[in-house]
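Whatever order the structure lists ligands and atoms in, that order sets their numbers, starting from 1.
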Amino acid sequence: MSGYVIAPWALPSLPVVGDSRRFPVRRIFCVGRNYAAHTREMGADPAREPPFFFMKPAGAIVAEGGEVPFPLATNDLHHEVELVVALSGGGSNIAPATAESHIFGYAVGIDLTRRDVQAIAKQRSWPWEAAKGLDHGAPCGALHAAAEVGHPKRGAITLDVDGARRQEGDLAQMIWSVPEVIGYLSRLFTLQPGDLIFTGTPAGVGPVVTGNRLNAEVAGLSPLIVTLTNAASTAVPYS
Ligand code: MN
């Protein structure tokens, strides 16, 4: 470990379908409320206001899912299946018309959310990091290169828990398209290769518990399967 005063950690990364090389993850941006039906179920107005964003740490990636330890400090962990966009380019103030040229590919992700912690944050006007940036909070499937699968604009997006359908929508229901999301996000941040964008979730979010098996799918992409493990005794709530 020459050169570092503590041991450096591995670069978070995702596998790429059909390629032995991996995609290095720099940052994880997420879009809030990008499907009208989900916006309504969260008690908000799906008027077409500009999209808003939050982040998760890159280390929250759980590549290709698998076993995910049930998080700390929640009794209301929610699943949110999302289309994930991986950037090979970047820049600021990107025009939506050229945004797809910055995209490497696509994957299925789950935006794991401590809904109880989020409710406290909303009530007290606190930031959302504790609700969204949790350890292991960004399971993500294998990436498919856009050169192979194109740029999906419609198609089923679903999530099953223990075989029962919980979320079902279509990519065409996004309030803000992927190029529009990149346009808005690049007005706030200079986007860079390695950045991921979780593009929002359709309706049907709900709680999961230790032992549940989550199967998240987007038509044409590799499914993402997550099993919640580590029956922690009783969660110590944060309130
Ligand atoms: Mn989300």
Side-chain angles (χ1 to χ4, degrees), residues 14 25 27-46 48-62 65 68 71 74 76-87 106-122 126-141 152 155-161 165-178 180-182 184-185 188-189 195-208 212 214-218 221 223-224 226 228:
L14 290 169
V25 176
R27 295 176 292 186
I28 304 173
F29 296 100
C30 305
V31 186
R33 298 176 195 147
N34 201 24
Y35 291 76
H38 170 64
T39 304
R40 284 189 212 99
E41 77 181 347
M42 297 307 295
D45 180 357
R48 208 165 183 264
E49 294 176 342
F52 70 93
F53 301 95
F54 56 89
M55 295 181 74
K56 293 172 182 266
I61 282 288
V62 182
V68 170
T74 184
D76 196 20
L77 180 70
H78 275 210
H79 54 76
E80 297 189 356
V81 58
E82 312 208 357
L83 175 70
V84 178
V85 179
L87 299 186
Y106 298 88
V108 182
I110 302 175
D111 168 13
L112 288 175
T113 301
R114 289 191 276 228
R115 197 70 74 199
D116 42 2
V117 174
Q118 187 187 37
I120 293 167
K122 286 178 176 177
W126 287 352
W128 281 12
E129 277 84 357
K132 292 289 196 176
L134 55 152
D135 302 342
H136 313 286
C140 190
I157 176 169
T158 59
L159 185 138
D160 295 353
V161 177
R165 182 61 40 94
R166 291 277 193 88
Q167 291 189 262
E168 186 160 32
D170 193 288
L171 299 180
Q173 296 167 336
M174 284 188 194
I175 296 171
W176 298 99
S177 69
V178 168
E180 288 172 327
V181 164
I182 290 172
Y184 272 104
L185 186 57
L188 292 166
F189 303 94
D195 288 341
L196 298 181
I197 307 170
F198 280 57
T199 58
T201 195
V205 300
V208 282
N212 280 162
L214 288 60
N215 185 350
E217 298 195 22
V218 169
L221 305 179
L224 169 64
V226 164
L228 294 167

Given 3.5 Å as the limit, does a donor-acceptor pair link the side chain of Asp116 with the main chain of Thr74, or not?
no

Salt-bridged, [X] to [Y], with N to O below 4.0 Å?
{"X": "Glu80", "Y": "Arg166", "answer": "no"}
{"X": "Asp76", "Y": "Arg114", "answer": "no"}
{"X": "Asp45", "Y": "Arg40", "answer": "no"}

Of all residues at least two apart in sequence or in a different chain, which pass the side-chain contact (heavy atoms from CB on, under 4.5 Å) check with Ala130?
Val117

Nearest atoms (heavy-atom pairs only) where Val108 meets Val218:
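Scanning both residues, the minimum pair turns out to be CG2-N, 3.6 Å.
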
Atoms of protein origin (N, O or S) under 2.8 Å from the Mn ion (ligand 1):
Glu80 OE1, Glu82 OE2, Asp111 OD2

